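Residues take their numbers from the sequence shown, with the count starting at 1. Everything numeric in this text was worked out from a predicted model, so none of it was measured.
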Amino acid sequence: MAQIEAVLFDKDGTLFDFAGTWRQVTIEIIEALAPDRPAAEEMARLGGFDLQSGTFLPGSLIVAGSADDIGALWSPLRPDLGAEGLAVEIERMSLEASAKPNLLAPAVPDLGALLTGLAARGLALGVATNDSVAGAERQLSAAGVRDAFGYVAGYDSVKRPKPAPDMVLAFAEARGVPPSALAMVGDSTHDLSAARAAGVGLAIGVLTGPAGETDLAPYADHILPTIGGLPALFDRLMPT
């Protein structure tokens, strides 16, 4: 394995527990945009979300996709708004939520300390999310960890969001290292597919999103319960 010099994280489901952070917000977005209860249930079904239990399902587009993706998915149910209008509303409500610290559920008890420890190993840290850049910036700032990352990219930063490799390759270019010197950490097949397509040195899955170990195994070199296992993994793979 090539020496890892930088680590690129997905945001929701990786740095933050997805359900803990976005369950209630997703319910509110669906209820605000659906014209009636049957439409709300269909929006949830299409997006991979159980509206009754508040559970995100494996393969959920709400988890892995962008506001544009979800808007396009829901547009037949709101032809008056259309895909673009829906995306604008989804982005607006998500931005409002991402700035509220009380809504955030970090994936580990002390996220800041974990990131500081990784940086102390000489690792450059970045974020690649299918949220918008503005949403990512607000959420990371609300959690008090924005300064840990020298690179933050969203679906609106590149021509093609995940599962395309564009964000991963842009991070490698920004750091001046080959993709093989990167580790990519994510909770979805979108994240790990992007990592594979970019040719990263290490693709790491975590189980703090709706995808299970069986879902991630075909794409990941290693699977951890949470990002809290990264220091021990790096100790084992890259002993000093």
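- Contact annotation: the side chain of Leu202 never approaches that of Met184 to less than 4.5 Å [non-hydrogen atoms, C-beta and beyond].
- Taking each heavy atom of Ala220 and Gly205 in turn, the nearest pair found is CB-N, 4.0 Å.
- Counting all heavy atoms, side chain and backbone alike, Asn130 lies closest to Pro161 at OD1-CB, 3.3 Å.
- Scanning all heavy atoms of the two residues, the minimum distance from Ala198 to Pro179 falls at O-CB, 3.2 Å.
- Side chain of Arg45 to main chain of Ala40: no donor-acceptor pair is present (N/O by atom type, distance under 3.5 Å, no hydrogens or angles).
- There is no path of hydrophobic side-chain contacts, each under 4.5 Å, that joins Leu140 to Val133.
- The two residues Phe149 and Val145 have their closest heavy-atom pair at CD1-O, 3.4 Å.
- In this structure, OG in Ser141 is found 7.5 Å from CG in Asp147, a value given to the nearest 0.5 Å.
- Scanning for side-chain hydrogen bond (donor to acceptor under 3.5 Å, both in side chains) contacts around Arg138 gives an empty result, with sequence neighbours left out.
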Quiz item: Where do Leu182 and Ile4 land on the side-chain contact (heavy atoms from CB on, under 4.5 Å) test, with the steps shown first?
Solution: CA-CA 5 Å; Leu182 304 183; Ile4 299 300; 5.9 Å; no
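- Linking ILVMFWY residues whenever their side-chain heavy atoms come closer than 4.5 Å, directly or via other members, places Val127 and Val108 in the same cluster.
- Checked against side chain to side chain contact (heavy atoms under 4.5 Å, CB included), Asp68 has the following partners two or more places apart in sequence or in another chain: Ser66, Ala87, Tyr155.
- For Glu28, the CD atom counts as densely surrounded, since its 6.0 Å shell holds more than 12 non-hydrogen atoms of other residues, nucleotides or ligands.
- Other members of the cluster containing Leu169 do not exist, because no ILVMFWY side chain is joined to it at under 4.5 Å.
- Connection of Val185 to Leu125 is established within a shared hydrophobic cluster, with ILVMFWY side chains joined at heavy-atom distances below 4.5 Å, either directly or through further cluster members.
- Other residues, nucleotides and ligands contribute over 12 non-hydrogen atoms within 6.0 Å of the CG atom of Asp50.
- Nearest heavy atoms, Phe171 versus Ala124: CZ-O, 4.0 Å.
- Judged by distance alone, the side chain of Ser75 and the main-chain N or O of Ala72 form a donor-acceptor pair under 3.5 Å.
- Contact of the Ser132 side chain with the Asp156 side chain is registered, since non-hydrogen atoms from C-beta on lie closer than 4.5 Å.
- Here Ile223 is tied into one hydrophobic group with Leu192, Leu207, Leu216, Tyr219, each link being a pair of ILVMFWY side chains closer than 4.5 Å.
- The other residues sharing a hydrophobic cluster with Leu103 are Phe18, Trp22, Val25, Ile27, Ile29, Ile30, Leu33, Met43, Leu46, Phe49, Leu51, Phe56, Leu61, Ile62, Val63, Ile70, Leu73, Trp74, Leu77, Leu81, Leu86, Ile90, Met93, where clustering joins ILVMFWY side chains under 4.5 Å apart.
- Counting only heavy atoms from C-beta outward, the side chains of Leu233 and Ile204 approach each other to under 4.5 Å.
- At least one donor-acceptor pair closer than 3.5 Å links the side chain of Thr208 to the backbone N or O of Gly13.
- Between Pro165 and Arg196 the shortest side-chain heavy-atom distance does not fall below 4.5 Å.
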Quiz item: After noting the C-alpha distance and the side-chain angles of Ile227 and Leu15, does the key distance pass the side-chain contact (heavy atoms from CB on, under 4.5 Å) rule?
Solution: CA-CA 7 Å; Ile227 56 173; Leu15 295 172; 4.0 Å; yes
Exercise. Might you work through the side-chain contact (heavy atoms from CB on, under 4.5 Å) test for Tyr151 and Met167, ending with a clear yes or no?
Key: CA-CA 10 Å; Tyr151 173 91; Met167 279 186 268; 4.3 Å; yes
Self-check item: salt bridge (Lys or Arg N to Asp or Glu O under 4.0 Å) evaluation trace for Asp131 with Lys11
Solution: CA-CA 8 Å; Asp131 191 1; Lys11 178 170 66 68; 3.1 Å; yes
Exercise. Check the pair Lys162, Asp10 against salt bridge (Lys or Arg N to Asp or Glu O under 4.0 Å), reporting the backbone distance first and the verdict last.
Key: CA-CA 10 Å; Lys162 297 177 292 185; Asp10 170 55; 2.9 Å; yes
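- Pro76 pairs by the side chain to side chain contact (heavy atoms under 4.5 Å, CB included) definition with nothing, not counting sequence neighbours.
- Leu111 CG to Thr116 OG1: the interatomic distance, rounded to the nearest 0.5 Å, is 9.0 Å.
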Exercise. With side-chain contact (heavy atoms from CB on, under 4.5 Å) as the test, would you mind laying out the steps for Asp12 and Gln139 before giving the verdict?
Key: CA-CA 10 Å; Asp12 295 310; Gln139 189 171 336; 2.7 Å; yes
Exercise. Give the C-alpha distance, both sets of side-chain angles, the deciding distance and a yes or no for salt bridge (Lys or Arg N to Asp or Glu O under 4.0 Å) between Arg175 and Glu5.
Key: CA-CA 9 Å; Arg175 296 306 310 169; Glu5 301 181 35; over 6 Å; no
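- Cluster annotation: Val152 is connected to Val7 through the hydrophobic network of ILVMFWY side chains, with a link wherever side-chain heavy atoms come within less than 4.5 Å.
- Here the closest non-hydrogen pair linking Ser98 and Ala142 is O-CB, 3.8 Å.
- No more than 12 heavy atoms of other residues, nucleotides or ligands lie within 6.0 Å of CD in Glu173, so this atom counts as exposed by the packing criterion.
- Checking Leu118, Val206, Asp187 one by one against Phe9, the side-chain contact (heavy atoms from CB on, under 4.5 Å) holds for a single residue, Leu118.
- A donor-acceptor contact shorter than 3.5 Å links the side chain of Arg23 to the backbone of Gly54.
- The backbone N or O of Gly59 sits nowhere less than 3.5 Å from a side-chain atom of Asp215 that would complete a donor-acceptor pair.
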